[in-house]
Amino acid sequence: MNSRRIDVIRLLGQFAPFIFLIALVLIFTSLNPRFLLPLNLWNILRQVSITGLIAIGMTFVILTAGIDLSVGSLLALAGLVCADIYKGGEFFTRLFGADVSGLAGNVAIAAALAMIIGVLGGLIQGIAVTRLGVPAFVVTLGGLSVFRGAALQYSNGGPISTFDAAYNFWGQGKVLGDVPVPVIVFLAFAVVAHIILRYTRYGRHVYAVGGNIEAARLSGLNTRRLILSVYVIVGFFAGLGGFVLSSRLNSSEAVAGNGYELTVIASVVIGGTSLFGGRGSVLGTVVGSVLIGVLNNGLVLMNVSSYVQQIVIGSIIVLAVWFDQFIKARQKR
Amino acid sequence: MTAILEMRSISKAFPGVQALSEVTLTVERGQIHGLLGENGAGKSTLMKILAGVYAPDSGEILFDGVPVSIAAPHQAQQMGIVTIYQEFTLVPHLTIAENVFIGREPGVGAFMSWGRLRDQTRTVMEGLGIALDPMTPVSALSVAEQQMVEIARALSMQSKVIVMDEPTSALSEHEVHQLIGICRDLKAKGISIIFITHHLEEVMRVCDHITVLRDGRNAGSAPISDVKLDTIIQMMVGRSASELFKRTQSYAAAETVLNVRDLRTAADPNNPNKTALHGISFEVRRGEILGIAGLIGAGRTEAARAIFGADRFEHGAITFEGKPADIRSPLDAIRLGIGLIPEDRKQQALFLALAVRENLSIAALGRLLRWFNFVRFDAERQMVERYRQALNIRMSGQDQTVSNLSGGNQQKVVIARWLAMEPKLLIVDEPTRGIDVAAKAEVHQLLDELASRGIAIVMISSELPEILSMSDRILTIREGRLTGEFQRAEATEERLMEAMALSGASAKP
């Protein structure tokens with residue numbers, strides 16, 4: 001009987017974010033029926049799509065009991081280089097001397113460049129974590145500063161603005177009526193990531209490394225390579241986020257994505273992924289991202305100041321982690 | 001005069017195990033009292049009850065003739081009972097003086113008086129004959145010196161009884177000598193010491209009186225003048241072996257599977273509990289069960305981990321199936337066909353948050369894939385089902401979380417994980433630790449079956465009955481060296497215990 005009770009608690013733990021989300025939607029709707037308008041709902045999703053994208057990558061990292069604080073800065077750097085190259089590479093040429101104007105106006109190349117920069121940033125940090133043995137918290141805290149500094153240096157502090165419609169489609173466009181393109185991008189990558197984590201050997205190994213790294217090593221897993229890979233993955237998403245954000249804002253600047261690490265980590269943790277690794281899902285992260293969006297949007301509709309919103313979000317992170325530890329303690333018996 | 005400490009009829013049960021039944025221990029003032037017994041005999045549990053870590057189920061404790069109840073560690077300390085554990089409880093970056101008086105720093109209000117702290121510490125240390133500057137950080141001290149600091153702390157608390165748990169295990173010969181001198185000084189001051197050790201010569205050298213536990217019961221208590229080494233050994237061994245699975249036949253074949261030559265590892269300064277290996281050589285043949293017997297800390301696990309590639313080794317050569325093997329990681333070992341079932345199931349083998357299915361298949365996933373490394377779930381489920389039946393794993397379903405299984409079934413899951421790899425050599429470290437009697441018999445039967453299929457098995461265990469009933473051949477190990485080799489027919493508990501616990505035992509290659 002005891003084990004059944006524990007399974008109920010586990011189940012509750014798994015669905016808690018979802019239940020909480022439904023409850024919030026009901027509360028906000030009852031307070032202000034306009035909350036449930038389709039336009040408002042798409043708006044919420046669009047608002048969370050960029051931090052949500054990065055949160056997908058962050059889920060991989062946190063599943064291995066790691067952390068990446070550098071995502072906001074890496075996003076800014078990737079977004080800047082991408083926007084600059086798209087517009088003819090004025091800053092690039094000034095910095096490196098090479099003429100890259102031939103790459104101008106090509107969205108695919110610009111977007112790919114953003115992702116490559118993200119991947120490289122993740123690779124460097126991943127190597128520092130796995131080869132030098134510096135804790136991920138420290139490596140990525142350093143990265144937070146390094147990438148931001150690099151972005152400021154690259155653009156000399158100024159913005160790169162005004163792109164054509166082809167570029168801005170990815171952040172501002174709509175398809176199928178009211179569906180924003182960044183939402184499609186977010187959900188498409190969420191599905192891919194979910195499939196990888198649930199149905200492939202790699203996904204299984206990510207859970208194993210996060211659940212018990214010593215057991216994983218003794219089971220023949222290449223734990224270093226696995227841990228390196230999750231930083232590459234989150235870097236990829238930070239780079240992609242940089243491209244989408246610049247397109248959405250029709251502008252790219254070095255201070256973009258400031259503080260994103262908080263929202264991203266909050267999305268993952270509120271979505272039920274354990275900071276201690278080994279437990280969690282992309283599905284939870286999507287729910288967590290949406291939950292933060294609903295909370296922000298609902299509080300705005302209720303005329304709550306944006307300062308108070310920060311207080312609420314911060315408190316919920318602490319509650320979510322407390323809840324996670326509670327579940328884990330029950331599991332151990 | 002009344003005894004300083006009497007523990008009367010102490011009993012304590014844990015889920016599935018009666019750890020202590022009706023155990024009695026009487027310690028006189030100024031006595032060095034040896035508490036002996038095999039691993040799992042109940043020494044630690046008894047001492048944890050004395051330290052206030054566990055509450056006894058029944059029985060009473062008299063301290064200085066007065067019945068007391070010790071509900072928490074700080075109560076024991078206030079009474080004057082201090083335990084020095086194998087893992088020290090010092091704060092590395094604080095000075096000796098701060099550690100000695102931690103929680104009791106002299107001073108005014110919130111302010112600590114460094115001068116008095118230093119002087120008082122110096123007084124205590126001089127009383128012990130230790131010449132160390134009280135302002136030295138503890139992290140700069142050797143293991144032996146740290147132990148002295150622990151003793152100084154105990155002394156500064158006006159202790160009447162000091163419990164030392166395996167105090168000599170990490171010390172050099174010279175340091176042991178020094179420690180014994182200190183023990184004698186303490187004794188002269190009227191302080192009693194309970195000395196827990198596996199090293200029987202030390203017992204003969206230092207103790208006045210011994211109490212031996214076996215299977216959680218008193219197996220004997222006598223003044224040291226009345227006993228000899230072999231009587232102590234007889235008291236320690238002879239655990240009931242009736243419920244154990246008995247192997248009837250040996251399947252050992254001629255071909256050598258694993259050959260280890262002169263395996264050496266260095267001591268790890270960061271981990272004094274890790275034993276250095278000083279030239280381990282042995283071989284295992286197909287279908288053979290080779291038992292490795294040794295006390296905890298003898299180097300058994302270190303040897304297993306080095307062979308499996310889990311830890312580096314400094315020197316040595318490994319030949320697998322006649323070919324030199326270069327094993328640098330567990331993955332290398334697994335590719336050769338070596339499996340390791342580690343001693344600590346929960347820390348080193350299981351993914352507690354994952355399902356039985358995922359735990360079982362993790363090492364064999366490579367055989368269960370289709371395009372893009374997608375897992376073939378149908379094949380995985382079939383495989384898990386096959387091993388569930390073969391090993392009689394009791395679970396509610398393949399997706400049950402592994403942490404909800406009993407210890408015995410968890411161990412079967414770990415064994416199944418390696419069987420799924422179809423190994424040629426299986427190293428099992430304490431294969432039946434913490435599992436109930438019925439599951440134990442099942443695991444033993446299983447190991448026998450595997451040997452009959454030609455798998456070579458290296459079985460490490462601190463339970464002599466298990467070693468004796470399962471092994472074709474037995475090696476004993478002590479302090480990182482092999483100290484004996486026995487064919488099954490010639491091995492007895494007494495002979496093994498001698499080779500495991502006495503330094504004078506005949507050293508074979």
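Convention: sequence-line order gives letters A, B, ...; per-chain numbering from 1.
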Open item on the list: Which heavy atom of A:Arg217 sits nearest to which heavy atom of B:Gly309, and what is that distance?
Closed with: NH1-O, 4.2 Å
Open item on the list: Between B:Phe377 and chain A, with a heavy-atom cut-off of 4.5 Å, which part of the residue counts as in contact: side chain, backbone, both or neither?
Closed with: side chain
Task: Residue B:Arg367 excluded, over 12 heavy atoms near CZ under 6.0 Å - done: yes
Open item on the list: Please check if the number of heavy atoms outside A:Tyr199 that lie under 6.0 Å from its OH is greater than 12.
Closed with: no
TODO: Counting only heavy atoms closer than 4.5 Å, note whether B:Arg417 contacts chain A via side chain, backbone, both or neither.
DONE: side chain
Task: B:Asn373 side, atom CG; A:Arg204 side, atom CZ - distance, nearest 0.5 Å - done: 12.5 Å
Task: B:Asn359 side, atom CG; A:Asn212 side, atom CG - distance, nearest 0.5 Å - done: 9.0 Å
TODO: May I ask you to check whether over 12 heavy atoms, not counting those of B:Arg312, lie within 6.0 Å of atom CZ?
DONE: no
TODO: Supply the atom-to-atom distance A:Tyr207 OH to B:Leu354 CG, rounded to the nearest 0.5 angstrom.
DONE: 9.0 Å
Open item on the list: Are the side chains of A:Leu218 and B:Arg305 in contact, using a 4.5 Å heavy-atom criterion?
Closed with: yes
Open item on the list: Just so I know, are the side chains of A:Glu214 and B:Pro342 near enough to count as touching, which here means a heavy-atom distance under 4.5 Å?
Closed with: no
Task: Side-chain heavy atoms of B:Val375 within contact of A:Thr200, under 4.5 Å - done: no
- [ ] Run the salt-bridge test on A:Arg201 and B:Glu358 with the 4.0 Å N-O cut-off and return the result as yes or no.
- [x] no
Task: Under 4.5 Å from any heavy atom of chain A - which part of B:Phe374 - done: both
- [ ] Identify the heavy atoms of A:Gly278 and B:Ala353 that sit nearest to each other, and give their distance.
- [x] O-CB, 4.4 Å
Open item on the list: Using heavy-atom distances under 4.5 Å, tell me whether B:Leu350 contacts chain A through its side chain, its backbone, both, or neither.
Closed with: backbone
Open item on the list: Which residue in the set B:Ile334, B:Leu331, B:Ile362 passes side-chain contact (heavy atoms from CB on, under 4.5 Å) when paired with A:Leu221?
Closed with: B:Ile362
Task: chain A contact via B:Ala349 - side chain, backbone, both or neither, heavy atoms under 4.5 Å - done: backbone
Task: Distance in Å, A:Ser219 OG paired with B:Gln348 CD, rounded so as to fall on 0.5 Å steps - done: 11.0 Å
